[in-house]
Amino acid sequence: MNKKALSLVAATLFSGVAVAADNTVDFCKNNTANDYVTYSNAISVAEGKITDVLTSRYSYWTSKVSGKGTINIYSGGERCFFGTAKGATWPDWTQFSGEVHLYPLKKFVSNAGFYGLIWAHGGKTFNPEEAEKSASEGKMNSCFAKSKMTMHDGSTLATESGNRGLRIGHLDMEAGSRLMGYYKKSNTPKTYYMVGADNTDATIAGRIAPVEDNVMEEIGFIKEGTGTYRITGNTNIICGGLRVLAGKVLANNDAAKAKSGKMSGATGFIPDQTKVGVYVMQAGTIGGTGSIGSITDVYGSIEPGDNGIGTLIFQDFAKSTKTGLHVRPTTKVNIEIGSETEYDKVIVDGPVEYYNIGQDFVPSTRMPQIVLTLAEGASLKEGDSFTILTATGRQSYNNVEWHWDIKYPDAYTWEVKEESTGTGIKVVATVTSLKYGNQNDGNQDDVDTDTDEREEWDLNAEKTNTTALRYFQRYLKKYVGVAVRGWAMDISNDNDWQPSKIKKEFNAVVAENEMKFDAVEPSQNQFNFGDGDKLVAFAQRNSCRVRGHCLVWHNQVAGWVTDNGQKNSFNRSRAELLSILKNHIMKVVGHWKGKVAEWDVCNEILDDNQSIIRSNPNAYALRPSVWATGIGEDFIDSAFVWAHQADPDAVLILNDYDVEFLGQAKTEALHNLAKRLKASGIPINGVGLQCHLDAGHVNVSKLKANMERYADIGMVCNITELDLGVDNTSAEQLKIQADDYYAITRAAMTVDNCTTMMIWGLKDNDSWRSSNPLIYDAGLAAKPAYWGVHAALSKTHAEITGIDDVEAESRVSSSSAMYDLKGRKIINPSKGMYIRDGKVVVK
Ligand code: XIL
């Protein structure tokens, strides 16, 4: 068939495709599972042009796609993979920013039941609680991030299993289209669609639901950008939750029909209906004329109606389980009033509950607002009254007293009262006088959350001070160290170029891999301490402190325990696993007793998604691992107790990542778990913040505040694996990186309960990350980042000793005058410590 004819085939199969394509790519065949086709030729669609792509049953479509034109994708039956096998990699669409239309193609198999694309996840794990961060770290498929996508009647989007994310710049769904998660029946996958980055409005008339209605694999919908998304479907089951990060989501389903037909409505429900299903963040608004089927937690705004007056119902018509509304210090319920019969209403089939905790987990005394406005031309009478909100009850977190903070319109005099009814509560607003009562006293200040105060430092000036980092560490009584890659250097030879650098600059070391479970106990009860011993010997020869990393982790566990860190591969009992763990800890800690000063006892045991903290502020969720699942939570308690028994002097640390900045859920989770362990009398000395971060994404004020609060519970807070990735090695990026190294080092050096800062590797080309995150380049030359660390150390040193003036003076003078430690010039020094040329010299 020629190109034109194909286009016509496509065009006649679907409604709405009237325009013939300028180009057609056809790899649609009736393949079988044994006979996948891969199509990989690059496709470029110029602005104003149209390309039809006819995908195949059983195909891998891996083309690099570029341009600003329109791509019509016709999916031909089951298993049209968008990417490589099992979703391992996704194609390169970074240069495409045009329109994408998705259609079903029933050309070969008209009863396949699934005419969609299965998008690739690239093996990345997406975390909805940190959606933007996951996206910026490349942990979600962003092929369509710059595209305007329309899913046409009959089309479907699905993915492989796992925790996956797909970002779509703009998404319209026609009725009859469908967003799914894993395309096979399974309860465990979690799939999230993040839409709206291009700030436009869209309509979601299709269906968002798992492959079968009773299969509760999570499918989440995350709205970003300033646009308005209208969800009009009435049978959605967004069982992975709806999150409104910004802009508006309007539930515009037909609530009356949902009620009579027991339909799930615009959002549907989540598997555990006692938990929150809809989060509306501070910059977001939830509204509409329909119904929302799960508990809704609102940091932002509620706006009944669709740009006009309406009723918004929080009710689950499908299962009749109670919902509820959580209100926060920043919540605004926007109520528009037109007349006695025409006014906004919020109906909650569940309680309204106040949490005195803001989006960033900071407690606040602000009260949720009801903002009353008058519709254009509204004309009210004295005594008019409006029931603007009803619920089955009222409550609050920790029984905090609360009330609505009412914002009044610029007209009339009002009385707004919350009253109890036989079945719950209602908020009633009444016009008590036609005269303006001056009740509008302005709004509360908006909460400012994102400031970061930075000190200045001077890269070029710093470079003239060649004092080694280690010199300052001694005076600061802090450890600044590096992770040592034992297999990439001869650590037994102090004069080798890397060890000699390490001993000159640092006073602490940690083994990058050599003390992990699989390295020290490769087969049961057979211990291999040799590589770790070499590092310990190096440390002892060079007076370095040793951090031990790590005793309990889900990665790099020996294969005789688990084959993937999660599975209890040999079906061992809880008692057997406990005995394995105990033996491991006692032997390892015992072996290095008195030599390893500090241990990461538990590493990365928290789950990435800690949304649970939002409604249960003292909670934390553990990551599934062979230890957590096979033993239960008390594996943590036991691990610390055994480590303490094996070496009572060792400092015992709970170490994790994504726990650095105040205001993130996982940061709270770590604090909660540390508090819980302390309260249980467990011998834990502190926490470790790994700090695998990206340069330019550091808020050091939030880092410091987080570190400091561990002092309040008697704990140290160390920086254990610092590295700061950059996009490229331009001077600009390297300066941003240096600034962050400066700021973090300053925090570590000035926060009293921080004793140690470890950098996760020596030179960029040896880092576990490919983003040049370290302070030395491949040739061990100091990067600006090194000077950032240096400047932070010398500045803190100067603050403590008061000898920065001396340095300044020594730089201007060429003489080698000597000063005592108070900065007084000494003519004939006797034995002791002096300053010369800005350095301490010992005579
Ligand atoms: C990394 C090492 O740097 C790599 O060499 C190894 O292949 C994988 O582990 N968090 C941790 C460290 O706690 O143990 C990890 O180290 C990096 C992330």
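Counting convention: from 1, in listed order, for ligands and their atoms alike. It should be emphasised that the depicted structure is a prediction, and the values quoted were computed from it without experimental measurement. Computed from heavy atoms alone, side chains included, the values below leave out hydrogens, waters and symmetry copies.
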### Query
Do Arg574 and Asp634 meet the salt-bridge criterion of a basic N to acidic O distance under 4.0 Å?
yes
### Task
Salt-bridge test for Asp608 and Lys666: reply yes if a basic N is under 4.0 Å from a carboxylate O, no otherwise.
yes
Output the list of atoms in ligand 1 that are nearer than 4.0 Å to some heavy atom of [X], sorted by atom number.
X      : answer
Arg485 : 5 (O)
His692 : 10 (N), 17 (C), 18 (C)
Glu604 : 10 (N), 11 (C), 13 (O), 18 (C)

Could you identify the single nearest non-hydrogen protein atom to [atom] and state the distance to 0.1 Å?
atom                    : answer
atom 8 (C) of ligand 1  : Gln556 OE1, 3.5 Å
atom 11 (C) of ligand 1 : Glu721 OE1, 2.9 Å
atom 9 (O) of ligand 1  : Lys516 NZ, 3.1 Å
atom 6 (C) of ligand 1  : Asn513 OD1, 3.4 Å
atom 2 (C) of ligand 1  : Glu512 OE2, 3.4 Å

#### Entry: Enclosure of Phe635 CZ (heavy-atom neighbours >12, cutoff 6.0 Å)
yes
### Message
Does only the side chain of Asp600 get under 4.0 Å from ligand 1, or the backbone, or both, or neither? Count heavy atoms.
### Response
neither
### Query
Hey, which of Phe517, Trp760, Trp592 is the one that makes ring pair (Phe, Tyr, Trp, His ring centres under 6.0 Å) with His549?
Trp760
### Query
With a 4.0 Å cut-off on heavy atoms, does Trp760 reach ligand 1?
yes
### Query
So how far is it from Asn772 CG to Asp764 CG, rounded to the nearest 0.5 Å?
4.0 Å
#### Entry: Cation-pi geometry met for Lys478 and Phe472 (6.0 Å, 45°)
no
### Query
Which pair of non-hydrogen atoms, one from Val546 and one from Met515, has the smallest distance, and what is that distance?
CG1-CE, 4.3 Å
